[in-house]
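So that the names make sense, note that chain A is the first sequence line, chain B the second, and so on, each numbered from 1.
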Protein chains: 2
Amino acid sequence: MEEFASVSGISRPTLSKFFNDPDSVRRTTRQRIEMALEQHDYRPNVYAMNQNRRKTKNIGIVVPFLADPFFTEIGRAVELACIDAGYSPILLSSHGSLEHETDNLESLRSLKPAGVLLAPFGRASDKDAICAFGKDVPLVLFDANIEDAGEAFIGTNNFQSIDLMVDYLCRSGEPPCLFEMKSPSNPNANKRRQAYLDSMARQGHEAHIFQADGEGWNFEEIGSQEGGRMLAEKVFPTNTILCSNDRLAIGMLSAAYGLGIRVGHGADCAMRIAGHDDHPFSRFTCPPLTTIAQDYTSIADRAVNTLFRVMESEERLSAREETLFDGRLVMRDSA
Amino acid sequence: MEEFASVSGISRPTLSKFFNDPDSVRRTTRQRIEMALEQHDYRPNVYAMNQNRRKTKNIGIVVPFLADPFFTEIGRAVELACIDAGYSPILLSSHGSLEHETDNLESLRSLKPAGVLLAPFGRASDKDAICAFGKDVPLVLFDANIEDAGEAFIGTNNFQSIDLMVDYLCRSGEPPCLFEMKSPSNPNANKRRQAYLDSMARQGHEAHIFQADGEGWNFEEIGSQEGGRMLAEKVFPTNTILCSNDRLAIGMLSAAYGLGIRVGHGADCAMRIAGHDDHPFSRFTCPPLTTIAQDYTSIADRAVNTLFRVMESEERLSAREETLFDGRLVMRDSA
DNA sequence: AATAAAATTTAACGCGCGCAAAGAAAATCT
DNA sequence: AGATTTTCTTTGCGCGCGTTAAATTTTATT
């Protein structure tokens with residue numbers, strides 16, 4: 001950098017400022033530097049840069065399981081937003097295990113990130129560790145909330161979305177049963193169950209909940225196995241099933257097909273199946289899945305913007321913010 | 001670290017060695033250090049550590065499009081392998097755009113990674129940039145090959161796998177047509193087309209190739225739209241279609257369902273559809289997709305091991321290695 | 001026990017940059 | 001035009017560790 005300073009005719013501290021934030025120097029000098037850069041292609045040492053800086057230009061993004069298309073999608077949106085803002089996103093997956101989540105936060109801490117976007121496991125997460133992390137680093141949660149952790153939470157309003165779906169299903173046919181995992185780690189599942197109970201009560205229908213055994217993240221498999229078993233045994237008292245998420249629904253649709261059960265809302269159909277999340281593949285199931293679309297883009301944008309706001313203000317938010325976006329009913333053929 | 005050295009009774013250079021590689025110090029001192037670590041929980045500054053090191057403990061992993069489940073899966077396998085080996089994987093997606101691929105390599109270069117695993121776009125990639133990168137950093141390619149770039153390439157033997165599938169399809173019914181993208185960026189698509197032509201010639205059947213218009217990575221959408229149009233227009237001369245990859249097949253299956261065409265190898269079925277890759281969702285299509293399983297695990301393991309071999313040898317491989325794993329026929333109901 | 005080999009300590013330099021203070025230069029304002 | 005503000009330059013310290021070389025200690029070998 002010393003070298004580049006002499007050949008470019010700019011002092012080293014000014015260059016230092018420039019590389020930290022190109023807009024912090026006068027426009028004319030900035031142009032001079034950029035001219036010189038094109039000729040001598042010098043690039044500052046990332047490690048030396050960040051060593052003495054309290055905060056870097058890194059933004060951590062932690063998701064519980066990257067192989068779940070929902071998180072790949074939202075991760076992608078968030079990553080691109082960060083790049084556009086001139087930051088370096090670092091996308092970390094917790095690979096479905098709690099240890100990795102904790103490890104990821106530990107790794108991030110030593111990277112002195114300017115901020116972190118975290119989609120935690122939820123109940124299973126190490127709440128204390130996450131709260132402590134939030135004290136040191138600007139932290140915004142998304143998808144799954146943990147009370148009092150981080151500066152803000154952005155997610156979907158499960159009560160609105162489930163109510164929307166239940167209402168639609170009741171109006172257009174038999175009231176739905178709920179199909180879900182027995183021990184969901186994700187708090188959204190619990191909210192959705194409660195929302196289902198509320199909605200059914202409000203509509204004056206009896207609620208029926210069916211829970212699938214199984215651990216892990218192979219939701220399609222579980223939906224197919226357990227859901228298929230229930231279909232075969234005809235345990236469902238109505239012909240309409242609301243699955244707690246699309247991945248379970250995809251599995252159940254597959255099982256229904258295998259059993260020769262025609263799914264859909266047509267006259268020739270035996271039952272209806274609906275999901276929640278508008279999984280990228282739900283458009284291509286057979287039949288295409290009626291579901292609730294989470295507002296990926298808004299969630300990603302709001303999460304990033306909130307994080308930037310906290311980062312720029314250099315102080316904590318006066319009050320923790322919780323933003324819930326409404327879900328949108330996506331009517332396809334399955335229900 | 002100076003501090004930790006005094007309280008632990010270990011000299012700083014020894015600690016330095018320890019943090020670089022715990023096995024490089026005597027076992028007794030290593031235990032003393034680990035004891036002290038538990039009491040004083042000191043952690044070296046990542047940036048200061050890496051500033052003066054030629055190589056870091058980082059390993060870059062670059063995939064063209066993380067939202068494609070194939071790459072999420074293989075990325076996951078590779079990531080975990082790196083973690084197990086004590087390295088820090090950095091997973092980067094090129095988000096389907098060439099500029100990001102180049103940017104990703106540039107970012108990685110300044111992170112002084114110990115090695116990089118790259119799944120390039122293929123033909124579209126900046127070959128010179130990748131070759132140049134390979135001169136500076138141990139580089140192993142996977143999935144898509146670029147001649148002479150990096151130390152090795154690990155992928156699937158498309159000629160074997162397609163031949164396996166064509167042979168199966170011919171034996172069990174009508175010979176297949178090939179359905180693919182018109183202008184595939186991935187070199188595997190070209191290999192598969194050639195393999196299809198070869199196999200059909202060998203079997204003494206006439207080859208029929210149908211190409212879908214469309215750009216980008218929305219293969220399911222393209223398969224559904226274009227494939228559906230072709231199905232509706234009955235352009236296929238046989239009742240069996242081999243799709244160049246599972247994502248196209250998933251789209252086409254969806255379209256077939258919408259058209260009321262019964263897909264499968266049963267007596268009551270009108271046509272057969274097969275894919276290639278054993279996409280994570282192919283087990284749950286309707287009907288479940290007959291396809292070729294790429295050996296994810298072997299590819300990931302071999303790629304990582306090869307990279308480590310190059311990294312440890314501190315020199316280039318005497319000859320560039322190309323390893324192709326055989327595909328495995330996965331017979332499900334669709335064909 | 002004597003010798004050789006391996007591991008550790010001591011001491012000291014440097015990496016590439018952030019950062020702070022004080023003065024000089026340029027741009028803006030009255 | 002001068003006064004004021006902004007920006008830049010000069011100077012120099014220090015971050016936290018890698019790394020080296022010589023001196024010393026510990027372990028392994030004969």
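Look at CD1 on B:Ile33: it is 14 Å from P on C:dA7, rounded to the nearest Å. What separates CZ of A:Phe4 from P of C:dC17 is a distance of 11 Å, to the nearest Å. Rounded to an integer number of Å, the gap from CG of A:Asp21 to P of C:dG18 is 12 Å. Nucleotide C:dG16 holds its C1' atom 15 Å from the CZ atom of A:Arg43, rounded to whole Å. Between A:Ile10 atom CD1 and C:dA24 atom C1' the separation is 16 Å, expressed in whole Å. Distance CZ (B:Phe19) to P (D:dG18): 9 Å, rounded to an integer number of Å. Between the NZ atom of A:Lys17 and the P atom of D:dT9 there is a distance of 11 Å, rounded to whole Å. Between the P atom of D:dG18 and the CD atom of A:Gln51 lies a distance of 10 Å, rounded to the nearest Å.
Nucleotides of DNA chain C nearest to A:Asn20 and B:Thr14 differ in position, and the one nearer the 5' end is that of B:Thr14. Each of B:Arg27 and B:Asn52 was assigned the nucleotide of DNA chain C with the nearest heavy atom; the assignment lying further toward the 5' end belongs to B:Arg27. Each of B:Arg26 and B:Met49 was assigned the nucleotide of DNA chain D with the nearest heavy atom; the assignment lying further toward the 5' end belongs to B:Met49.
Neither OP1 nor OP2 of D:dC17 sits under 4.0 Å from any side-chain N or O of B:Ser16. Contact annotation: A:Thr29 does not reach the phosphate of D:dT7 (side-chain N/O to OP1 or OP2, under 4.0 Å).
Contact annotation for A:Pro13: base contact, defined as any heavy-atom pair under 4.0 Å involving a base atom. As judged by a 4.0 angstrom heavy-atom cut-off over every strand, A:Tyr42 is placed among residues touching the sugar-phosphate backbone only.
Residue-to-nucleotide contacts include no donor-acceptor pair under 3.5 Å from the side chain of A:Glu2 to the base of C:dG16. In terms of polar N and O atoms assigned as donor or acceptor, the side chain of B:Arg12 comes within less than 3.5 Å of the base of D:dG18 in a complementary pairing.
Note that CZ of B:Arg26 is 9.5 Å distant from OG1 of B:Thr14, once rounded to the nearest 0.5 Å.
For the residue pair B:Glu101 and B:Ser125, a side-chain donor N or O sits within less than 3.5 Å of a side-chain acceptor on the partner.
Side-chain proximity of B:Ser11 to the nucleotides D:dT19, D:dT9, C:dT8 is greatest for C:dT8.
A salt bridge links A:Glu73 and A:Arg76; the closest N-O separation between the charged side-chain nitrogens and carboxylate oxygens is under 4.0 Å. Between B:Arg302 and B:Glu321 there is no salt bridge, since none of the side-chain N atoms of the basic residue sits less than 4.0 Å from a carboxylate O of the acidic one.
Inter-residue side-chain proximity for B:Val7 and B:Gln39 is flagged as unmet; no heavy-atom pair is nearer than 4.5 Å.
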